[in-house]
Amino acid sequence: PMFRASQYDHKSDSCRKKELSERWHSFGDGTRVQRDLYSAFLLMNSSEDGSAPDRGLCMAHYPQFEKRHNLEIERIKTAGLKIMNSGI
């Protein structure tokens with residue numbers, strides 16, 4: 001079975017169930033990332049069979065993900081785009 005990527009936080013190595021309406025993942029340090037993009041990041045950095053996150057991969061790849069995530073969110077906002085059900 002796959003882990004629930006939408007509930008996992010690689011920084012704290014913990015899980016928290018979120019409401020479907022929560023479209024952003026908030027870290028303990030106050031930074032936020034769009035939930036669906038973060039879930040995709042976590043799945044990309046999971047075990048071969050997708051059953052568990054690989055925290056080491058997450059820690060190694062997160063800085064680049066965060067940089068690209070923030071650039072894309074800014075691009076979407078600057079262009080005035082609306083991405084349905086994304087919270088953007």
Side-chain angles (χ1 to χ4, degrees):
M2 293 186 81
F3 74 101
R4 298 181 192 276
S6 65
Q7 298 178 9
Y8 183 67
D9 180 321
H10 80 280
K11 290 184 180 183
S12 66
D13 197 24
S14 64
C15 289
R16 180 180 69 83
K17 186 164 175 57
K18 298 178 185 85
E19 295 297 323
L20 192 55
S21 61
E22 274 184 83
R23 303 315 309 163
W24 292 82
H25 177 87
S26 297
F27 294 103
D29 63 7
T31 59
R32 297 180 343 134
V33 289
Q34 203 282 334
R35 177 179 171 173
D36 299 325
L37 295 176
Y38 183 57
S39 292
F41 164 79
L42 292 172
L43 291 169
M44 287 180 60
N45 291 284
S46 66
S47 58
E48 288 270 333
D49 65 0
S51 64
D54 184 323
R55 189 166 185 234
L57 285 176
C58 289
M59 297 299 276
H61 296 144
Y62 183 77
Q64 186 66 18
F65 164 78
E66 184 180 39
K67 179 181 175 183
R68 290 182 179 190
H69 167 277
N70 293 344
L71 287 170
E72 183 59 15
I73 297 301
E74 189 57 37
R75 185 193 70 79
I76 289 168
K77 288 180 176 180
T78 299
L81 302 175
K82 297 288 182 206
I83 311 297
M84 300 302 291
N85 299 321
S86 70
I88 302 171

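We're numbering straight along the sequence, starting at 1.
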Heavy-atom side-chain proximity of His10 to Asn45 below 4.5 angstrom: no

With Tyr8, the side chain to side chain contact (heavy atoms under 4.5 Å, CB included) member among His25, Arg16, Arg55: Arg55

What pair of heavy atoms forms the shortest contact from Asp49 to Ser51, and how long is it? OD1-OG, 2.7 Å

Could you state the interatomic distance from CZ (Arg75) to CZ (Arg68), rounded to the nearest 0.5 Å? 14.0 Å

In Å and rounded to the nearest 0.5 Å, what is the CG to CD1 distance from Leu37 to Ile83? 9.5 Å

If two hydrophobic side chains count as joined below 4.5 Å and joins carry through other members, does Met59 share a cluster with Phe27? no

Would you call Arg32 and Ser26 a side-chain contact if the rule is heavy atoms closer than 4.5 Å? yes

Mutual orientation of the aromatic rings belonging to Phe65 and Tyr38 [parallel < 30°, tilted 30-60°, perpendicular > 60°]: tilted

Rounded to the nearest 0.5 Å, how far apart are CG of Leu42 and CG of Leu57? 11.0 Å

Please determine whether side-chain contact (heavy atoms from CB on, under 4.5 Å) holds for the pair Trp24 and Gln34, giving the CA-CA distance in whole Å, both sets of side-chain angles, and the decisive distance to 0.1 Å. CA-CA 4 Å; Trp24 292 82; Gln34 203 282 334; 4.1 Å; yes

Atom CG of Asn85 with >12 non-hydrogen neighbours under 6.0 angstrom: no

For the OH atom of Tyr62 and the NE2 atom of His69, what is their distance to the nearest 0.5 Å? 7.5 Å

Indicate the atoms forming the closest heavy-atom contact of Arg35 with Lys18, along with that distance. NH1-CB, 3.8 Å

If the threshold is 4.0 Å, N to carboxylate O, is there a salt bridge linking Lys77 and Glu74? no

Side-chain heavy atoms nearer than 4.5 Å, only ILVMFWY residues, links allowed to pass through others: does that put Leu81 and Ile73 together? yes

